[in-house]
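Order of the sequence lines sets the chain letters (A, B, ...), proteins ahead of strands, with each chain counted from 1. Since this is a predicted model, take the numbers as computed values, not measurements.
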Number of protein chains: 2
Amino acid sequence: MSKPPTVHDVARLSGVSTATVSRYFTGKTDAISPETIESVRNAAEALGYTPSEIGRSLRLARSRVVVMLVPDATNPFTADVAASVEQALKDFGLSMVLANASENAEQQDRLLSDAQGLRARAIVLQGAIDTPRLRDMALRQNNIIFVNRRPAPGIIAPYVGIDNFAAGRAVGRYFVERGYENCVAIHGPRHYSGSTERLDGFLAGLQQERPVFQFESAYTMEAGYRQGQLLLADHSRRYAVFCGNDMIAYGVYRAAMEKSMRVPDDLVIFGFDDNRLNEWLAPWLSTVKVPAFDFGPAIAKLIHEPIASDDPNRNVILPFTLTIRKSA
Amino acid sequence: MSKPPTVHDVARLSGVSTATVSRYFTGKTDAISPETIESVRNAAEALGYTPSEIGRSLRLARSRVVVMLVPDATNPFTADVAASVEQALKDFGLSMVLANASENAEQQDRLLSDAQGLRARAIVLQGAIDTPRLRDMALRQNNIIFVNRRPAPGIIAPYVGIDNFAAGRAVGRYFVERGYENCVAIHGPRHYSGSTERLDGFLAGLQQERPVFQFESAYTMEAGYRQGQLLLADHSRRYAVFCGNDMIAYGVYRAAMEKSMRVPDDLVIFGFDDNRLNEWLAPWLSTVKVPAFDFGPAIAKLIHEPIASDDPNRNVILPFTLTIRKSA
DNA sequence: CCGCGGCATGTAATCGTTGACGTTGGTCAT
DNA sequence: ATGACCAACGTCAACGATTACATGCCGCGG
């Protein structure tokens, strides 16, 4: 309604200077007499005063906001990661602004610009797209963190995520071990390095000269469904499908269901990410488990740490495991 | 790395005053000569200048940040709503900071305080918990929007969501229509008015003197699972269960699966929310469909609208439908 | 009585941006 | 020639908070 109260209002009401009020709110209480503390507290309480983060940020030349850009916030895995980051940042007194880049370079650049405008303490990029703007920013500042997709060559910035190649390879080896024939990869968009790393790892793990069918797909259920339909148009043989993420796997599963195929008898499906819902809703899905809730602490630590900016060892490689459910 | 450039830097480089630079970035370009525009643009480009949202907010006494508090960001329905809000706000040049209140009053109050510190343009509360602090804030400012749970009596603030009572009643009537016996309600926490409205509506819809088994449960899969286990300890009869949301329904489903019960033959499950994944992963779930993606535009409109603060008609009641899948 | 040190507090500059207002210099009608 | 008017700027005072530095006070040793 009316303007919120400021330090001046509190100072006036409690009969001290703004400096003292500020000292109180910044915790320098050992330099203030107990009675003064009391009076400031009361005044602030009476006015319903909360220090302006804006004024504070301006003065200190640093904000407490971390911007997180994700390709698709409705993906449960992404939502889990975001929740984990928010939670971890909160413990350091930081806020997270979440924004959807929608797998769109322009959109991403616009959001990067917004983040810069907010003077974000850090920018967390999940599934970054390599653009000139991004390179430029990475060059000028060192507060960008890459998640799930490594920074493009030439960009020096910390990476948090699993070793995608190794994970893909583990799946390939598992396929070999189980003796699966007719291997198929429905991988994610090629412009994400994470996608190609997974794919390359998978091929390396298979170690076979036989060709592997490869399909490129967006990381959505709908796209996975379409690719699934294409693939299963011929279901004379039993395919073993490695999907770029769980969303794609869900889509393929639906395509299979509509053809009354059974998993894993008629079709093997392997996913990637293993969001929390799988355990409850997709007991048929074997998948690579990525520890979504480990991202937050790792990222928060990177942001909070006194910057050893050019230390190459700031990458955090999280462990993955294979979750084998009845689909494989 | 080094401090980001400011209006002064741009002004110096382009040989104009800061006012002119400001004019350029605030779009008052019809008061600047074309050559000057060019020179400012070039200088800004060269320096990589982006206006500080902090300085701007301070000067204009309003920020472009909207804080959204949710009970559980990992709930897919919540994630969909949040994504919808973020998307809609973006079109008005607003940013969303997302925070998890974790169904915890203290946590919520702390976050409310943070939001106040950020001088948020608006605060969107999904699943608000009635606390003195919240009442106090609602009293002092009129920028709080309640989502899914109506403001407690005495608080005047807009509400966006469906008519929970009517939705519950529709489910009750549907149960009657289908002749279900042994009706059970596993409803959400009583301190959410939304939960009790759904429950009361359900009871009203059933219109029967026979008792309805009622269980209170947190809105999580785990809690639903536990309640499901309790309920199904005796599975001599076929229950018809109305769950407070889809998470609970997932939990009950799992409990049923572990007892090798079949849905809907041995057990009827009805959920609430119908997040996007159901269509793909829970074809067995009938549920109340709440239009998650309609929330964003409605909320953004409320925020953007010139405030007619005491207009009681600022509530937005969204339509719901029943999604009947093979579980009922 | 003087001076020193330490405590509690006040003064004032500063952060980046904006906009009301003032200042130019030029055009044009009288 | 004068004044009115306008376009195209520049000046400067906010906005809210923090903090280095200054100030006043008190106690105490010499």
Original post:
With respect to the side chain of B:Thr20, which nucleotide from C:dG10, C:dG16, D:dC9 is positioned closest?
Top reply: D:dC9

Subject >> Options C:dG16, D:dT19, D:dC9, nucleotide nearest the side-chain atoms of B:Thr36 >> reply: D:dC9

Subject >> For atom CD of B:Gln116 and atom P of D:dA17, their distance in whole Å >> reply: 12 Å

Subject >> Closest-nucleotide 5' rank along DNA chain C - winner of B:Arg23 and B:Leu58 >> reply: B:Leu58

**OP:** For B:Lys28 and C:dA20, give me the distance from atom NZ to atom C1', rounded to whole Å.
**Re:** 12 Å

Taking only distance into account, with no hydrogens and no angle test, what donor-acceptor pairs under 3.5 Å do side-chain atoms of residues 145-161 of chain A form with protein atoms, sequence neighbours excluded?
unit_1   : atom_1 : unit_2   : atom_2 : d
A:Arg149 : NE     : A:Ala128 : O      : 2.4
A:Arg149 : NH2    : A:His191 : O      : 3.3
A:Tyr159 : OH     : A:Ile162 : O      : 2.8

Subject >> Side chain of B:Thr18 - closest among D:dC12, D:dT19, D:dA8 >> reply: D:dC12

**OP:** Could you check whether B:Ile54 gets within reach of a base, just the sugar-phosphate, or nothing at all, counting any heavy atom under 4.0 Å?
**Re:** nothing

Original post:
Do other residues, nucleotides or ligands put more than 12 heavy atoms under 6.0 Å from B:Arg41 CZ?
Top reply: yes

Original post:
B:Ile32 side chain: which of D:dA17, C:dT17, D:dC9 is closest?
Top reply: D:dC9

Subject >> B:Leu60 CG to C:dG16 C1', straight-line distance once rounded to whole Å >> reply: 11 Å

Original post:
To the side chain of B:Ala19, which of D:dG10, C:dG16, D:dT19 is closest?
Top reply: D:dG10

Original post:
Can you tell me how far C1' of C:dC15 sits from CZ of B:Arg56, to the nearest Å?
Top reply: 16 Å

**OP:** Scan B:Thr26 against the nucleic acid and name what it touches under 4.0 Å (heavy atoms): base, sugar-phosphate only, or nothing.
**Re:** sugar-phosphate

Subject >> Student check: side-chain heavy atoms of B:Val97 and A:Met96 closer than 4.5 Å >> reply: no

**OP:** Return the value, rounded to whole Å, for the distance between atom CG of B:Leu47 and atom P of C:dG16.
**Re:** 13 Å

**OP:** Please determine if B:Asp136 and B:Arg133 form a salt bridge, counting it only when a charged side-chain N lies under 4.0 Å from a carboxylate O.
**Re:** no

**OP:** Could you please name the option among D:dT19, C:dA20, D:dA8 that lies closest to any side-chain atom of B:Ser33?
**Re:** D:dA8

Original post:
Hey, does the side chain of B:Lys3 come within less than 4.0 Å of C:dC15's phosphate (OP1/OP2), counting only N and O?
Top reply: no

Subject >> Closest nucleotide among D:dA17, D:dT19, C:dG16 to the B:Arg119 side chain >> reply: D:dA17

Subject >> Pairs involving residues 102-125 of chain B, ordered by first then second residue, that meet salt bridge (Lys or Arg N to Asp or Glu O under 4.0 Å) (sequence neighbours left out) >> reply: none

**OP:** Check every strand shown and say whether B:Tyr49 touches a base, only sugar-phosphate, or nothing at a heavy-atom separation below 4.0 Å.
**Re:** sugar-phosphate

**OP:** Would you check if the side chain of A:Ser195 reaches a backbone N or O of A:Pro189 as a donor-acceptor pair within less than 3.5 Å?
**Re:** yes

Subject >> Pairwise 5' ranking along DNA chain D for B:Ile37 and B:Ala61, keeping only the more 5' one >> reply: B:Ile37

Original post:
To the nearest angstrom, how far is A:Glu35 atom CD from C:dC7 atom C1'?
Top reply: 12 Å

**OP:** Using whole Å, report how far OH of B:Tyr24 lies from C1' of D:dC9.
**Re:** 17 Å

**OP:** Indicate the ring-plane relationship of B:Phe25 and B:Tyr49, choosing parallel, tilted or perpendicular according to the 30° and 60° boundaries.
**Re:** perpendicular

Original post:
When the ring planes of B:Phe295 and B:Phe77 are compared, do they come out parallel, tilted or perpendicular, using 30° and 60° as the limits?
Top reply: perpendicular

**OP:** Give me the residues of residues 7-17 of chain A where at least one heavy atom lies under 4.0 Å from an atom of DNA chain C, by number, or none.
**Re:** A:Gly15, A:Val16, A:Ser17

